[in-house]
Every structure is written in C-alpha cells, then in structure tokens.
Amino acid sequence: MIDLSGMMNALIASPMIIPAAFAGIAWGILGGALPGISPSITMALLLPFTYGADPTAAVVLLASTYLGAEYGGSIPAILIRTPGTNSAAATVIDGYAMKEQGKAGEALGISLYSTLLGSVFGVALLITLTQPLAAVALAFQPTSYVGLGVLGLSVIASLSGESLIKGMMAGLIGLMIATIGTDPVTGNNRFTFDDPELLSGIPPILVMVGIYAVAELFEQASQPGWRQTNTADAAIKMPDALMRARLRVSQIIGAIIGFIEGLTPGGGGTIAAFLSYNEAKRWSKKPEEFGHGSPEGIAAPESANGAVSATALIPMMGLGIPGSNSAAVLLGGFLIHGMTPGPMLFTKHYDVVMGLYAGKVISLFALLVVAYLILRPCIWLVNRPKHYLMAFIFALVLSGVYAIHNSLFHVGIALAFGVIGYAMKYYRIPTLPMVLGVVLGFMVESNYRRALVLSDGDHMTFVEDPIAACLLIVAFGFILVSLVRHFRDSMKSDQKVKSA
Amino acid sequence: MNRDFVAGFIGLLIAMGYYAMAMNIQNSQLADDVGPGGLPKIYGLLLAGFSIVLMLRARFRPEPAHSKQRPVVEEIFAAKRGLGILAIGIGYILAVPFLGYPLAIAVVIAIASLYNGGSLSLRMAGISLLGAFGLWFVFVFLLHIGQPAGIWPDLIEGLRR
C-alpha cells in the first residue's frame with residue numbers, strides 16, 4: 001500500500017532529498033557514460049561523501065546514482081558504439097544503427113522515454129510490494145541460477161543473425177573467455193599463463209569496449225569514406241504518439257523482464273536487457289528491422305534497465321540480500337548510517353524508507369530534467385569533425401579501460417578484443433552471442449558445479465528445483481522456437497539463391 | 001576458399017589450442033565431479049564441432065549473393081588503416097609510464113586526429129591539450145581514479161633535492 005503522507009512527511013523532514021536526487025542522477029549519468037566506470041563504482045565513489053550527510057538524503061543520493069548510471073550507459077552506446085555499462089550492450093545494436101542513419105536524437109529520446117517508463121513501473125512495485133516480493137529472493141538456489149543462466153544463453157540462438165552456427169561459435173568463444181582465471185570451486189588457475197593479472201579473469205566490460213568501441217574505431221579508420229563528417233540530428237527528440245504506440249509492447253516486455261530480473265539476486269540488468277531485446281524482437285511486427293536501427297530494439301532493453309534499477313532494491317531492502325554490486329554499495333550506505341536492511345528496516349527506520357521512496361519518485365523527474373540538459377551537449381560533441389571525434393573516443397576508451405583496475409595490461413586486452421571484433425565483423429560472425437557468453441559463463445559454471453556438489457553429482461537436482469525446472473523449460477522452448485524459425489528462414493534463402 | 005571456410009578453420013584452431021590447454025589443467029583434491037577442466041573440455045569439443053560444420057557448409061553450399069567481397073587490394077589497404085589505430089594504442093601503452101597520463105593522452109588525441117585526416121595546426125594542438133585536460137579533470141580530479149603519473153614526480157623530487 002502506498003503511504004503518501006509518510007512520503008510527504010519524510011520529504012518535509014529531510015528537504016535535502018530533492019537536491020540529493022538531482023545530484024545522484026547527474027553523477028550517475030556521468031559515471032555510467034564513461035566506459036569502464038560501472039554503476040557500482042560510480043556509487044562507491046560517493047560513499048565517503050555520505051558519512052556526514054542526513055541518512056535519508058544519503059541513501060537517496062546512492063539510489064538515484066544507480067538509476068542515473070543505468071541510463072547513462074546508453075548515451076555512449078548510442079552515440080559512439082561504446083556501452084558505458086554492461087547492461088547497455090544490447091542498446092548498442094539498434095541505438096548506434098539509428099545514429100548512423102542520422103537519428104541520434106530520436107534514439108536518445110526513445111532511450112530516455114523507455115528508461116523512464118521502466119523506472120516508473122519499477123518504482124511503483126518497489127513502493128507497493130517490497131515486503132511480499134522480497135521473499136522471492138530467498139527461493140533462489142544454485143540450481144535456479146543455472147536455470148537463469150541457461151535462459152540467458154538461450155537468447156544466443158535468436159541473436160545469431162544469418163548464421164546459427166557462427167552464433168553458436170561466438171557464444172562458445174564467450175564461454176571460453178569466461179573460464180579464464182581462478183576456478184570458482186577449486187581455486188585452480190585456468191588459462192592464466194601464470195600471469196597474475198589474469199587470475200581474476202577478464203572483466204566483461206573489457207570485451208564489450210574492445211569488440212564494439214575499439215573495433216568500430218578500426219572499422220571507421222579503414223573505411224574509404226572516413227573523412228566524412230557525422231550527420232546526427234542536433235536535438236533530442238522524444239517519441240511522438242505513433243512511435244509511442246509502436247514501442248508499447250517492447251516496453252511492457254522490457255519492464256516485466258526487468259522487474260523479474262531485479263528481484264533475482266545476481267540476475268541484473270545485463271540478462272534483463274538481452275532477454276527483453278530477444279522477446280521484443282519475437283513479438284515485434286517488424287522483427288526484420290532489429291539490428292538495423294529498430295526503435296523497439298532500444299526501448300526493450302532500456303525499459304528493462306529502468307525497471308531493474310528500482311526492483312533490485314526489493315531483495316536488498318526487504319531481506320538485506322544485495323543482488324548486485326550496486327545494491328551492495330547501497331546496502332553499505334545504509335550500514336554506514338547504522339541501519340540494517342531487512343524486514344526490521346520497515347519498522348525501525350520507516351521514515352528513511354519513506355524518504356527513499358519519495359527520493360526515487362523525485363529522481364524520475366530529475367532524470368528527465370538532467371538528461372535533457374546533458375544530451376544536447378553530448379549530441380553537439382558527436383557532431384564535431386570526425387577526426388577529432390574519433391581521436392577523443394579513442395582517448396576516452398584508453399582512459400576508461402585503465403580505470404577499471406588501474407592496469408595497462410587491461411588496456412592491451414581491450415585493444416586485442418578490438419582486433420578480434422574487427423576480425424569477427426570481417427568474417428560476419430555476430431558479436432552479441434560472444435558478449436552473452438562472457439557475461440553469463442562464470443555464473444552458469446560456478447552455480448552448475450555448486451549445485452552438483454550439493455546434490456552429490458545428481459543432475460536430477462535441476463529438475464527437482466521448481467524454479468530451475470521452469471526456467472530450463474522456458475529456455476529450451478526459446479531455443480526450439482528460434483531453431484525452427486532459423487531453419488525455415490535458411491531454407492527460404494537457399495531457395496532464393498538457387499532460383500537466382 | 002570463402003570467408004566462412006577460413007572462419008571455420010580459425011575456430012577449429014582455437015578449439016584445438018583451448019582443448020589442449022584444458023587437458024593440462026591440474027586437478028585438485030578439492031575438485032568436484034566436473035572438475036576445473038570439465039566444462040572447458042566440453043566447450044572446446046563443441047567449438048571444434050561447429051567449426052567443422054561451418055567449414056563443410058562453406059565447402060558445399062553456395063555463398064549468398066550479398067556476401068561478395070571487396071577486391072583484395074582494397075581489403076589489405078582497409079586492414080592496414082585499421083591497424084594504424086592499434087599501433088597508436090600500443091604506443092600509448094608503451095609511452096604512458098614515462099610521459100604520464102595528461103601528456104600521453106594529449107599526444108594520442110593529436111596523433112589519432114592526424115591519422116584520421118586532421119591537419120597539423122595550432123587549433124589541433126589546442127584541442128588535443130583541452131581534450132587531455134578534460135579527461136584528466138573527469139578521471140583524476142573528479143573521480144579520483146589514479147592514472148600513470150610518468151617520470152615527472154621523480155624528476156621534480158630529484159630537482160628539489
């Protein structure tokens with residue numbers, strides 16, 4: 001139930017909530033837009049500043065930063081083909097394609113509008129259903145995570161584009177990359193070549209920045225027409241009534257998937273973004289436009305990201321379980337001020353909870369205002385002469401990648417993935433399945449093996465856990481439908497080639 | 001020999017190399033039934049399988065009409081130009097421990113800009129310095145993320161003594 005008077009009282013008692021919401025959104029967009037700076041790092045950088053602050057304003061600042069960062073990741077994804085955050089990887093595909101068609105303003109408008117709608121949906125659920133929904137997080141076991149991971153990987157089949165075999169190969173290479181580092185169960189080193197820098201594996205953001213941003217820079221430099229200037233439209237353009245109607249289904253899909261993934265500890269925005277992209281394509285009236293600048297291809301992952309940024313707080317607040325790094329930083333923000341998230345939070349610190357809810361609502365307005373202010377100069381920047389733009393993007397990528405672990409070795413890895421991305425483009429191998437493999441590989445392997453340890457090696461454990469069983473059935477359903485569709489399309493194109 | 005065949009061949013080489021390394025992963029006494037090399041071996045075998053299928057398909061199936069390649073000379077020229085950016089990146093990795101972040105990143109902006117068709121001018125130098133300052137301001141000053149300082153702190157310390 002919504003306690004509006006409680007929220008108003010919290011707002012009156014802590015007026016700093018309003019500037020905290022605006023400041024959090026602005027800081028979050030800045031951090032999210034910088035490749036290499038994840039939402040959790042953006043939030044963690046603020047923690048020292050919250051020590052002396054009013055507790056309610058402090059948690060609002062951190063929660064708004066989370067939303068701002070999730071949105072901020074889409075700005076470079078659309079404008080310069082560089083996902084600022086992991087969850088913006090799905091936005092790159094159609095966002096950058098629209099920008100290349102001179103529709104950058106429209107793409108940014110769709111992204112902002114969809115993030116807002118997803119966030120409104122997520123905040124509404126956060127405010128009304130936190131206590132009952134938090135229990136879902138407790139039901140998740142290693143077997144359920146395997147189901148979740150396989151469901152995420154099932155998307156590979158439909159993200160493979162023209163060749164299912166190449167998509168599967170790319171997905172497998174992604175899974176292989178995810179095995180680099182310390183083994184999750186035994187602690188043995190795998191594929192590290194005795195290099196301590198590889199012990200913790202290769203962060204997925206390195207792979208994304210490499211195969212998207214660096215490879216794009218290689219590609220742009222190698223194009224015969226590379227001296228051309230950009231033709232992106234100069235202002236942000238919010239979707240009109242016709243476009244809003246077109247986006248509706250994809251936004252609903254994104255919001256629902258984002259809500260579910262937000263509740264799931266470890267699910268996170270990346271899986272939600274890819275799953276919703278896949279489902280939006282499946283339900284779209286124009287699926288052929290996906291990958292070539294489909295507005296729905298931006299709307300679905302962005303509304304999922306918006307919903308996740310709110311619903312990820314449900315298990316953290318209701319049970320004290322941080323489902324993601326960002327939620328863990330927010331939990332740290334609560335602990336700094338002597339508040340322990342969990343069921344007692346709602347009785348012991350009711351005023352802070354109400355203040356946080358009020359702050360989340362204000363942050364939605366703040367997102368609209370700050371994004372409008374920030375996007376115009378961003379669009380102006382990408383319309384500068386191309387040689388300056390490309391040089392600056394390269395400098396930004398080098399700086400951002402170094403910032404992940406203060407490592408020049410990582411800069412080298414990102415450049416190497418740039419070469420791999422360039423080669424994949426040359427051989428027409430889809431890159432998204434590889435990204436998905438890298439993101440989900442560790443989660444699937446570690447939980448698969450943990451589940452088998454707990455069940456003494458009995459694979460029936462995946463069927464006996466109802467959540468895992470449901471997720472696996474849905475995943476195999478997805479794969480089956482994608483395979484049937486793929487072979488049907490493949491036969492049609494074969495017939496065309498023969499008749500030609 | 002079309003691109004798919006080459007892609008399949010490269011995939012097969014990766015699979016073989018990866019599988020060979022997976023075979024050499026040491027097992028621990030703490031190991032579970034699957035073990036640290038269990039899934040990697042499966043991944044390697046699957047990749048090898050898909051690579052072989054891709055090679056066979058490329059051998060016996062006509063290439064789609066839209067996949068016509070550019071002339072070889074054009075491809076080589078394009079790849080060379082792309083590799084130039086890579087060389088600038090490698091140069092940055094080698095130079096930044098000595099030059100320090102602000103100077104090295106300014107040089108990267110200037111060289112990458114020149115490489116991509118810009119002309120050497122005071123304006124370009126100004127933009128490179130301004131860009132470097134902007135990045136330093138955001139990463140080092142605002143976000144407190146350390147970037148390589150180069151030889152300058154030691155040099156200044158030495159001069160002071």
Side-chain angles (χ1 to χ4, degrees), chain A residues 30-31 34 37 45 162-163 165-166 168-169 172-173 175-176 179 183 185-188 190-191 214 217-224 226-227 385-388 390-392 394-396 398-399 402-403 406 408 411-412 415 418-419 422 426-429 445 448-449 452-453 457 493 497-498 500, chain B residues 3-4 6-7 11 14 18 21 25-26 28 30-36 39-40 43-44 46-47 50-51 53-54 57 62 64-65 67 78-79 81-86 88-90 92-93 96-97 105 108-110 112-113 115-118 127 131-132 135 138-139 143-148:
Chain A
L30 174 70
L34 293 173
I37 311 292
L45 287 166
E162 62 182 37
S163 170
I165 297 170
K166 287 182 188 174
M168 299 302 258
M169 284 171 70
L172 279 165
I173 292 172
L175 290 171
M176 288 170 162
T179 60
D183 177 52
V185 175
T186 63
N188 283 21
R190 300 186 300 182
F191 312 105
V214 180
L217 288 169
F218 292 166
E219 179 71 20
Q220 291 280 331
S222 64
Q223 291 289 333
W226 49 271
R227 283 170 200 271
K386 202 165 184 176
H387 54 273
Y388 286 135
M390 285 175 62
F392 189 76
F394 195 40
L396 179 68
L398 294 174
S399 311
Y402 180 84
N406 285 12
L408 283 172
V411 179
L415 290 175
V419 177
Y422 186 74
Y426 179 80
Y427 289 110
R428 293 188 299 273
I429 297 172
E445 185 186 6
Y448 168 68
R449 289 172 57 195
L452 287 182
V453 168
S493 72
V497 169
K498 278 177 188 167
Chain B
R3 283 188 204 194
D4 282 3
V6 178
I14 294 171
Y18 181 85
M21 282 193 281
I25 295 172
Q26 287 184 338
S28 149
L30 297 169
D32 49 316
D33 288 348
V34 179
L39 284 183
Y43 295 158
L46 282 173
L47 181 63
F50 281 120
S51 302
V53 172
L54 185 65
R57 202 184 66 167
S67 63
R81 280 209 58 82
L83 288 175
I85 297 287
L86 177 68
I88 297 171
I90 293 169
Y92 171 79
I93 294 173
V96 73
I105 211 74
V108 163
I109 295 174
S113 169
Y115 187 74
N116 286 305
I127 287 173
L135 288 170
V138 171
F139 282 99
L143 296 174
H144 298 284
I145 290 167
Q147 294 277 0

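Here is the naming used below: chain letters follow the sequence lines, and residue numbers restart at 1 for every chain. Both backbone and side-chain heavy atoms feed into the values below; hydrogens, waters and symmetry mates do not.
Closest non-hydrogen pair, B:Pro36 versus B:Gln26, comes out as CG-O, 3.8 Å. Residues B:Gly82 and A:Ser222 approach most closely at N-CB, 4.0 Å, considering heavy atoms.
In this structure, chain A has a heavy atom under 4.5 Å from the side chain of B:Leu135, while its backbone stays farther away. Neither the backbone nor the side chain of B:Leu83 comes within less than 4.5 Å of any heavy atom of chain A. Interface residue A:Ile429: only side-chain heavy atoms are found under 4.5 Å from chain B. Interface remark: A:Leu408 contributes backbone and side-chain atoms alike to the contact with chain B (heavy atom separation under 4.5 Å). Proximity to chain A (any heavy atom under 4.5 Å) is shown, for B:Tyr18, by both the backbone and the side chain. A:Leu30 touches chain B through its side chain: at least one heavy atom from C-beta onward sits under 4.5 Å away, while N, CA, C and O do not. Using a 4.5 Å cut-off between heavy atoms, B:Tyr43 touches chain A through backbone and side chain atoms alike. Within the 4.5 angstrom heavy-atom criterion, only side-chain atoms of A:Val453, from C-beta onward, approach chain B. With a threshold of 4.5 angstrom between heavy atoms, A:Val419 approaches chain B through side-chain atoms but not through N, CA, C or O.
The greatest number of non-hydrogen atom pairs below 4.5 Å with chain B, out of A:Ile165, A:Ile173, A:Asn406, is found for A:Ile165. Ranked by heavy-atom pairs under 4.5 Å with chain A, the first of B:Ile127, B:Val96, B:Asp33 is B:Ile127. For the set B:Ile93, B:Val138, B:Ile90, B:Val108, the count of heavy-atom pairs under 4.5 angstrom toward chain A peaks at B:Ile93. Per-residue heavy-atom pair counts under 4.5 Å with chain A were compared for B:Gly131, B:Pro97, B:Pro40, and the maximum is reached by B:Pro40. Ranked by heavy-atom pairs under 4.5 Å with chain A, the first of B:Gly44, B:Gly146, B:Gly84, B:Gly11 is B:Gly146. Comparing B:Ile145, B:Ile109, B:Ile14, B:Leu86 by how many heavy-atom pairs each has under 4.5 Å with chain A, the most go to B:Leu86.
Checking side-chain atoms of B:Gln147 against main-chain N and O of A:Ser399 turns up a donor-acceptor pair under 3.5 Å. The closest donor-acceptor contact from the side chain of A:Lys166 to the backbone of A:Tyr427 lies under 3.5 Å. Of the possible polar contacts, none joining the B:Arg3 side chain to the A:Arg428 backbone as a donor-acceptor pair under 3.5 Å is found. Looking only at distances, no side-chain donor or acceptor of A:Thr186 sits under 3.5 Å from a matching main-chain atom of A:Asp183.
The closest side-chain heavy-atom distance from A:Met390 to B:Ser113 is not below 4.5 Å.
A cation-pi arrangement is present between B:Arg81 and B:Tyr115 under the rule of less than 6.0 angstrom and at most 45 degrees off the ring axis.
Annotation: side-chain hydrogen bond (donor to acceptor under 3.5 Å, both in side chains) contacts of A:Tyr402 (sequence neighbours excluded): none. With sequence neighbours excluded, no residue satisfies side-chain hydrogen bond (donor to acceptor under 3.5 Å, both in side chains) with A:Tyr388.
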